[in-house]
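Residue numbering restarts at 1 for every chain, and letters A, B, ... go by the order of the sequence lines. All values below were derived from every heavy atom in this structure, side-chain atoms included, with hydrogens, water molecules and symmetry-related copies excluded.
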Amino acid sequence: MSSPPPPPSDSANHPDDEHEKPDVSTVPPGAVAVFQAPRAVRPGGNGKPNGRPDIESPFLDLFGAEARRPRESTVEGEVVGESPAHAVPPNGVERWQPAAAPVSPPPAPQPPQPSQPPESAAAAPPAAAPAHRRRKQHKPKPAPAPDAKRPKHKERDPAQDLAITEIAGHLTYTPNTVTAWYWLPEVRWAFRPDGEREALLMAIAEQYAGLAGFRLHLRRTTRPFPADEWARTVDQMTPAPLPTVPGAPSWADHLVAAQHHLLSVNHAEGQTYLGVTFARRSLGDTLTARVRNVFGKGVADGEHKRMARMVEQFDEVLGMFGMRGRRVTAGELEWLLYRSVALCMAPPAHLSPVTSGEWERGDLLALTEQIERYRTPYGSTVKLVNRLTGEERHVAILAVGRMEPLEIPERHEPWLHFHERLPWPMEISARVDILGPGDSFRNLEHRLRMIRSQQLDYAEHGMDAPPELERLAQRALHLGDEMTTGLPIDASRTHGWHRIAVSGANRDECLERARRLIQIYSRELRIALQHPKNQEWLAREFIPGEPVANTGYVRRMPVKLFAAALPQAASTVGDRRGDLIGRTAGTCRRPVFLDLHFPMEVRERSGLAVFVAEPGGGKSTLMGALGYLAARRGIQVTLLDPSGPLARLAAMPELRPFSRVLNLTGSEQGTLAPYALIPTPLRSHFPDGPGGDREYEIAVSNARAERRMLVQDICSMLIPPQVARVASTATLLRHAVREVPAEEASTMDDIVACLRNMDDDHAHELSHLLMDTAEMPLAMLFFGSPAPSTLGSDAALTIITMAGLRLPDLKIEREYWSAEESLALPMLHTAHRLAVRRCYGGSMSSRKLVGLDEAHFMEGWRSGRSFLVRLARDSRKWNIAGLVASQNPRDILGLDVQNLVSTVLVGRIAEDPEIASEALRLLRVPVDVGYEQTLASLSTVDTSSSARLGFREFVMRDVDGRVQKVRVDVSYVPGLLTYLDTTPAMAAPAPLDGHVAEPEA
Amino acid sequence: MRLRTDDDIYRARLVYLGPLGYTLPIHLPYSQYGLFVLLVPMFMIVHYLFTFKFDLFPAWEIALAMVATSYIFRHVDPDRPARKVIHTALTDWRRTRESSTERREARLIASRIRIRESLSAKDAL
């Protein structure tokens, strides 16, 4: 009676491989509304990206495609023009069609709320039905299944009520028991210090120990990510997106594409519920409830009141640090019940517990009538069919079998969170009895006596007892000692059953997934997941209030180990109002949104974001992608890209009319004149009154001091290092800089003239040296005055490049740099200033973004240090989001701007362990506990594949201090990756994003 | 934090060695004897239903019970109690392996559940 061997699979598949395709099938794209920005004006007929329809639902035919589509989905009540092509179902619809019962289109289109009585109206007597039952009569007949595969029907009432009879607030009543339900919020697990994790586990274990004597039901279900809600937020946060360019995707198309992407990669959000079954109902209570039921009244108020007093202690125990549980609402319980009956199936359309405006009380429960269950004798799966939508789902329930010892914070993941690294949503149900110290000890003592009696038997029969008996007896003695002398947290035990539900669109897919799950658990956690028989009973166990299916696979463990299951662990990072930049890639998959102005506008922090990675780690591409996304939202973007490939962004059709590329190597004389790079503060930017006057004066003199510092540094960079090292050089330069007025109108020529006029040979020599460099065409940029409008503030996207410039290697001494390489250093310094200079032109509050690549060249110079500090300080005042990319975190850390850095993204660092530990320090992650290896393994290439790596991974710390591994994926923007590709294009065109297919394109 | 289950203590194999002084040649778990004791009368009743008489020494019944017990216990392990094995065998007795036909089970419906938004009386539906 063991499980049949699972079907053979592709040998190349690794269970925890991140490259696998996610499950898209539990979220029918039509089931979740796709929000379209209201002000979109589409070019008639074919204005969509990739020609995809707005809603790709295979069930559109079922209800009539036109009737089903939410036409009034705009914020301002405007209806967006839609092309007739929308009604055509997209490719790939076939796999949505249930295999056994292909749905044929109905004769006439029907509204989404169905209007025909169900076939089993007799199942529930209408007279006794509560008010919400009336809705049930609006369900359509299920599509008739073809005769060939019609399943055998048993001659019995096909409907059976659940054990739960009443939901009152957060309590559920069955005829015999009462259960109080709590919502457990997600907790952060990844990249936390072990001490913190252990404290969390101990706190949770203590809470479990406090529930001794009760039976718990721990349930984890999922909810598809509300992509439309997010898009609505982004649209509201974007008052002036870039105007539509004919022939290019509009802002609305951009939002729709992002939502399609979100839906297609199926980011399910977990929801964890904990039920405490705490009371056996007395016979009197049950009888009273039955009698009252006849009159349609349900459980008596007296009983409710009695329970209300009792559950307050649970609120206290569960609400503390650790689980921080809160009472669920009746609506959430409904959702849980529906998700449990329709296990692993797609949730009803437009349903999200947050904005479930159109769902009334009981509607969801009424929908459970549409879920049919099929089983086969000795079957390995249960088939669930939603006869309203025709969706078919095969579910396999796996039970947690033998477990080897685990080292939870140090080596292993929480054992009921671990499954989330696989890309399809799964559900969890754990039913456990918590045994207090007394019960645990009695139970153990009984077992010990049985072992001892067996040993005695062997002795009496004159035989050698198996050595395991003695070993087990010793262990039982040891445990018994721990129980009698230890704290309740050491002594309490949980005895219970833990199940994981895996689903698939068909039986083979389901079994294959179950096999993968079993494999990954046995390999990584050494937990043997079992696939028992009687699957339909096991599936029923997921429903709150239903009995335990099977006494097999009972796991007996200390509460600490049960606490370490931690199904509520999660890995969220980023804000919920920014652009979609990818997903988390650690222990679970969540979308990552990043709004670079969130730190300034909401958290009131500085807006400096730092990217650190080795060359090829994806810094430039990420910066380009963020620049593109910000420019689309109408933010003034300036990108400094010394190597130049980002200039191709300006060629994108949607950005072309609004962008400008400034190539410094071909610019006019004076473009980088250092005096002009530091703006003089305006009096109007400071408050009125004497306080404001003083602030203004301080700012003006600070600007002057900064100019002097910058000019002195630039001069030192321009003269040969041997000369620069001489002590008198610095004195003379400082003198010259002091002589020249530090105003915007001054130039380097004034410095040269000043040196020439000094009565000192060395000063003359210095002036000659400076004039020598000025002969080089590139150095001419520093001399003379800039043209009045080098950088206007009109363009949405400005990209400053230095195409053809050779950047020196900082590891080589400056003496050995070529003349061109020596010039690159001052150019980079001044170019950074130039990029930021533009932000001080417009209004202070308007959003601005500056991207600065190769910031590690700023290291070691006073002006460089002051520049970054100033950028970080000004970012809040001027609403500037500053992206600083560097190959070495030392300059950022050393510049002591760490407190001013809000977002950190660290890419692959495999070569230098010192740099890795500094990057970890920047992330505020413990150093020397193995996370260096995590940094080294980011964006790891598959050596067996000859294709280029289509993605880049980073470890990200957001403004709230959450750290998570992130996989950047902007493939939803058509063409963006092609334009951003900084790799030499000699090789064959690589797949832009290997792991995620274009959604149903 | 090294964490381990207590399952191994409960996994100890407890066998009946025989009466004192008369050690049996084979050692079987106690539960097997229990099942055997239940199966023999059951087979006797089945035999009676066919022949309407009881044997003094139910040789066939004992033999059949031994075979049945050993067959059932082939599928029993600490995680899969005999009761569950028999239960599965009874529910799915028609087949020995997964069949292609499927039966529709009763739908589990929750629509008759009464809902109150809170425990206080005024919100009762």
Side-chain angles (χ1 to χ4, degrees), chain A residues 1 124 133 151-154 158-162 164 166-169 198 298 301 304 308 330 337 341 361-362 365-366 368-369 371-379 401 403 405-409 447 450-451 454 457 460-461 472 475-476 533-534 536 550-553 555-557 560-561 564, chain B residues 1-18 20-23 27 74-75 77-81 83-85 87-89 91-121 123-125:
Chain A
M1 252 158 271
R133 288 276 289 159
K152 255 197 268 179
H153 289 254
K154 290 195 84 178
Q160 192 181 347
D161 281 323
L162 294 184
I164 288 181
E166 182 160 337
I167 296 172
E198 210 168 308
D301 288 338
H304 280 313
L337 272 173
V341 174
R361 241 194 274 173
L365 297 185
T368 56
E369 296 199 9
I371 310 298
E372 292 189 332
R373 311 163 76 84
Y374 295 89
R375 68 179 289 260
T376 41
Y378 285 97
M403 297 168 74
L406 297 171
E407 284 169 43
I408 290 285
R447 200 65 203 172
M450 284 165 78
I451 295 175
Q454 181 75 53
D457 270 2
E460 281 174 353
H461 284 268
L472 294 179
R475 183 159 147 68
K533 297 293 165 188
N534 277 322
E536 70 284 2
N550 190 328
T551 50
Y553 301 108
R555 293 275 73 84
R556 302 167 182 92
M557 58 182 77
K560 281 188 220 164
L561 181 51
Chain B
M1 199 162 42
R2 188 179 165 87
L3 300 163
R4 61 185 296 187
T5 59
D6 306 337
D7 289 327
D8 45 356
I9 299 171
Y10 294 82
R11 219 174 268 141
R13 191 162 176 268
L14 304 178
V15 293
Y16 180 57
L17 302 177
L20 205 57
Y22 302 92
T23 310
H27 305 149
R74 203 186 293 171
H75 300 283
D77 61 30
D79 274 334
R80 208 159 35 194
R83 208 181 332 159
K84 219 58 226 174
V85 173
H87 180 250
T88 309
T91 50
D92 297 343
W93 64 275
R94 263 188 269 249
R95 306 268 170 190
T96 52
R97 59 196 167 85
E98 193 162 346
S99 67
S100 55
T101 60
E102 49 195 14
R103 283 209 309 265
R104 192 166 72 182
E105 285 287 294
R107 282 176 295 126
L108 296 172
I109 57 171
S111 50
R112 282 158 70 159
I113 294 176
R114 213 164 267 293
I115 303 170
R116 291 157 59 118
E117 287 296 329
S118 78
L119 282 173
S120 58
D123 295 319
L125 193 76

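For Leu337(A), the part lying under 4.5 angstrom from a heavy atom of chain B is the side chain only. Looking at Ala564(A), the atoms closer than 4.5 Å to chain B (heavy atoms on both sides) all sit in the side chain, from C-beta outward.
Shown are Ile9(B), Thr5(B), Asp7(B); of these, the side chain to side chain contact (heavy atoms under 4.5 Å, CB included) with Arg556(A) is made only by Asp7(B). Of the listed residues (Glu372(A), Arg375(A), Gln160(A)), just one forms a side chain to side chain contact (heavy atoms under 4.5 Å, CB included) with Glu105(B), and that residue is Arg375(A).
Between Leu108(B) and Val341(A), the closest heavy-atom pair is O-CG1, 3.4 Å. Between Leu365(A) and Ala110(B) the shortest heavy-atom distance is CB-O, 3.5 Å. Closest approach of Ile167(A) and Ile113(B) over heavy atoms only: CG1-CG2, 3.7 Å. When all heavy atoms of Ser111(B) and Ala366(A) are compared, the closest pair comes out as CB-CA, 3.7 Å.
Note: Leu472(A) CG to Tyr10(B) OH = 12.0 Å, rounded to the nearest 0.5 Å. The CZ atom of Arg2(B) sits 9.0 Å away from the CG atom of Leu406(A) when rounded to the nearest 0.5 Å. Of the inter-residue distances, the one linking Arg107(B) atom CZ with Leu162(A) atom CG reads 11.5 Å to the nearest 0.5 angstrom. In this structure, the separation between NE2 on His27(B) and CD on Gln454(A) is 9.5 Å, given to the nearest 0.5 Å. Distance CG/Leu561(A) to CE/Met1(B): 9.0 Å, rounded to 0.5 Å.
Ranked by heavy-atom pairs under 4.5 Å with chain B, the first of Met450(A), Arg373(A), Glu407(A) is Arg373(A). Contact count versus chain B (heavy atoms, under 4.5 Å) is highest, among Gly401(A), Pro405(A), Ala330(A), for Pro405(A). Chain B forms more heavy-atom pairs under 4.5 Å with one residue of Met557(A), Arg447(A), Glu460(A) than with any other, namely Arg447(A).
For Arg11(B), the CZ atom sits in a packed shell: over 12 heavy atoms of surrounding residues, nucleotides or ligands are nearer than 6.0 Å.
Looking at Glu369(A) and Ile109(B), their side chains come closer than 4.5 Å, going by heavy atoms from C-beta outward. The shortest side-chain heavy-atom distance between Leu3(B) and Met403(A) does not fall under the 4.5 Å cut-off.
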task: In sequence, state the C-alpha distance, the side-chain angles, and the governing distance for Arg475(A) and Arg4(B), and then conclude on side chain to side chain contact (heavy atoms under 4.5 Å, CB included).
output: CA-CA 12 Å; Arg475(A) 183 159 147 68; Arg4(B) 61 185 296 187; 3.6 Å; yes
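Here the side chain of Asp79(B) pairs no donor or acceptor atom with the backbone of Gly552(A) at under 3.5 angstrom.
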